[in-house]
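Take a look at the structure set out below.
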Amino acid sequence: MRLSRYFLPVLKENPAEAQIVSHRLMLRAGMIKQSSAGIYSWLPLGYKVLKNIEKIVHEEQVKAGHIPMLMPTLQSADLWRESGRYDDYGQEMLRIKDRHDRDMLYGPTNEELITDIFRSHVNSYKDLPLTLYHIQWKFRDEVRPRFGVMRGREFLMKDGYNFDLTKEDALHAYNRHLVTYLRTYERMGLQAIPMRADGGPIGGDYTHEFLVLAETGESEVFYDSEITDLKFGSRDIDFDSVEECQAVLEEFTSRYARTDETHDEAVFNEVPEERRRTARGIEVGQIFYFGTKYSEAMNATVVDNEGNKVPVHMGSHGIGVSRLLGAIIEASHDENGIIWPEGVTPFHCGIVNLKQGDAEADAACDALYKSLTALGLEPLYDDRNERAGGKFATMDLIGLPWRITVGPRGLKNGVVELTSRRTGESEELPPEQAVEKIAQIYASL
Ligand code: ATP
Ligand code: MG
């Protein structure tokens with residue numbers, strides 16, 4: 001993309017309404033625009049990152065055998081009356097009437113809808129296990145929408161639902177989700193720690209929240225510092241193997257890591273003092289096993305191998321897709337702007353032409369653009385007639401991990417400059433080598 005033809009409405013001033021750095025940077029980098037409280041338009045740059053995040057989420061779900069689909073945002077109130085949640089949900093639920101005076105709502109989550117789909121089509125244990133998921137907009141009329149996309153009213157969520165014959169099978173689905181989430185967040189350059197969360201009215205130990213440590217996080221968390229040394233990495237997991245998934249769960253959840261809701265000072269004190277940490281965290285996902293709560297209320301049963309009708313065991317598993325943009329920026333920025341991890345960056349690299357209009361510099365930039373594009377990479381070429389300082393500032397603000405700087409002086413020696421946004425380190429090298437290096441970095445992801 002040539003910047004002169006793109007739509008990148010960057011702001012020079014710090015927007016007064018933004019209290020935290022990710023919100024400020026998303027506004028300044030022209031990624032989002034508020035349309036009303038907690039509701040945003042996703043401008044081209046923000047939309048690109050959102051799509052990249054979605055893609056990673058999809059890929060990791062599909063690897064585990066989970067099946068993508070799409071349910072609507074607007075739902076009929078009837079299903080929610082069946083589950084009993086129409087009254088329970090309270091003011092967070094946006095209720096709407098259609099022209100026939102029927103009660104509708106903008107879905108805050110989808111347990112009811114998916115359970116209805118399941119019961120309409122699945123009758124036998126032979127069709128289990130089954131995990132369906134979608135990535136769809138949700139609406140929760142939060143009392144205090146704030147921090148930009150971090151706590152919006154309309155937000156994008158991946159929500160997945162498993163249906164299993166037994167509790168054991170459903171716990172395997174739970175573990176499978178834990179594994180997929182670890183890998184998903186790592187691919188986005190994030191460390192998200194699974195922490196024991198509050199089971200809510202259903203109780204039980206079967207829920208974990210994934211938290212990214214950040215000063216601006218809304219949750220207070222307590223953990224054993226050993227947990228931050230754990231990496232999931234690129235290990236190959238057999239998702240059908242109960243033992244393998246269980247082993248990952250044990251590895252990542254055996255140390256103390258809890259949110260304030262489940263924190264137990266006495267247990268925490270058993271962790272050696274030098275390893276005890278208190279911090280703040282951003283919840284970027286949650287997994288939940290809730291047994292037969294919805295299947296009993298909504299009569300979602302299957303016939304088991306002895307001919308008995310039994311309610312299925314279910315769980316639901318969410319990832320805050322739009323919140324993740326904020327979380328990534330909170331975890332990865334400096335005083336000049338965003339620093340995108342390679343896994344989610346909106347463009348693979350920037351090209352800065354120091355002397356726009358100089359025949360040689362223009363030709364070198366065009367050639368770089370062509371070779372990068374031919375390799376399947378997407379550069380953002382700043383071809384505007386602006387001074388170098390302004391171009392660098394824009395590149396730093398929008399946070400592309402790599403920048404190639406092209407100027408007449410370097411070209412005389414046959415070199416361009418390749419700069420890492422993260423370290424600020426630059427090296428001079430021939431254009432072909434710069435291209436090759438960038439290609440290698442992305443190929444290794
Ligand atoms: P919170 O405690 O932050 O209100 P939640 O526990 O109610 O979130 P879940 O129902 O677990 O949220 O939803 C799954 C994920 O969706 C959360 O882990 C979070 O990342 C994201 N999410 C929830 N509410 C919002 C919101 N208002 N804006 C943006 N993302 C959200
Ligand atoms: Mg949650």
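What you see is a predicted model; the values in this text were computed from it and never measured. Sequence positions, counted from 1, serve as the residue numbers for this chain. As the structure lists them, so they are numbered: ligands from 1, and atoms in each ligand from 1.
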* Asked: Does an N or O anywhere in E209 fall below 3.5 Å from an N or O of ligand 1?
  ->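 No, there is no polar N/O contact under 3.5 Å.
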* Return yes or no for this condition: an N or O of G152 is under 3.5 Å from an N or O of ligand 1. =>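 Indeed, backbone or side chain, G152 has an N or O that close.
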* Asked: M150: heavy atom below 4.0 Å from ligand 1, yes or no?
  ->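 Right, M150 reaches ligand 1.
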[atom] - nearest protein heavy atom and its distance:
atom                    : result
atom 21 (C) of ligand 1 : G320 CA, 3.6 Å
atom 19 (C) of ligand 1 : R323 NH1, 3.5 Å
atom 11 (O) of ligand 1 : Q286 OE1, 3.1 Å
atom 13 (O) of ligand 1 : M157 CE, 3.4 Å
atom 9 (P) of ligand 1  : R140 NH1, 3.7 Å

* **Name of the E283 atom (N/O/S only) found closest to the Mg ion (ligand 2)** =>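 Answer by atom name: OE2.
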* **Contact check, side chains of M188 and T184, non-hydrogen atoms, under 4.5 Å** =>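 They are in side-chain contact.
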* **Polar side-chain atom of E283 near backbone of S219 as donor-acceptor pair, under 3.5 Å** =>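 Between the backbone of S219 and the side chain of E283 there is no qualifying donor-acceptor contact (under 3.5 Å).
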* Asked: Short question: side chain of E220, backbone of D260 - any donor-acceptor pair under 3.5 Å?
  ->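 Answer holds: no.
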State the atoms of ligand 1, each with its element, that fall below the 4.0 Å cut-off from a heavy-atom position in [X].
X    : value
G285 : 18 (O), 20 (O)
V149 : 29 (C)
V284 : 18 (O), 20 (O)

Quick one: do [X] and [Y] make a salt bridge, cutoff under 4.0 Å?
X    : Y    : result
R421 : D334 : yes
K48  : E378 : yes
K51  : E54  : yes
E59  : K55  : yes
D103 : K97  : yes

I need the contact type for [X] against ligand 1. Using non-hydrogen atoms and a strict under-4.0 Å cut-off, is it side chain, backbone, both or neither?
X    : result
K138 : neither
E283 : both
R151 : both

* Asked: So, R176 and T131: side-chain donor and acceptor under 3.5 Å apart, yes or no?
  ->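 Indeed, the side chains of R176 and T131 share at least one donor-acceptor pair under 3.5 Å.
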* Just go through F155, F139, F147 and tell me whose heavy atom is the nearest to atom 31 (C) of ligand 1. =>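 Considering heavy atoms of F155, F139, F147, the nearest to atom 31 (C) of ligand 1 sits in F155.
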* Which of these passes salt bridge (charged side-chain N to carboxylate O under 4.0 Å, His left out) with E218: R144, R146, R280? ->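 One option only clears the test, and that one is R146.
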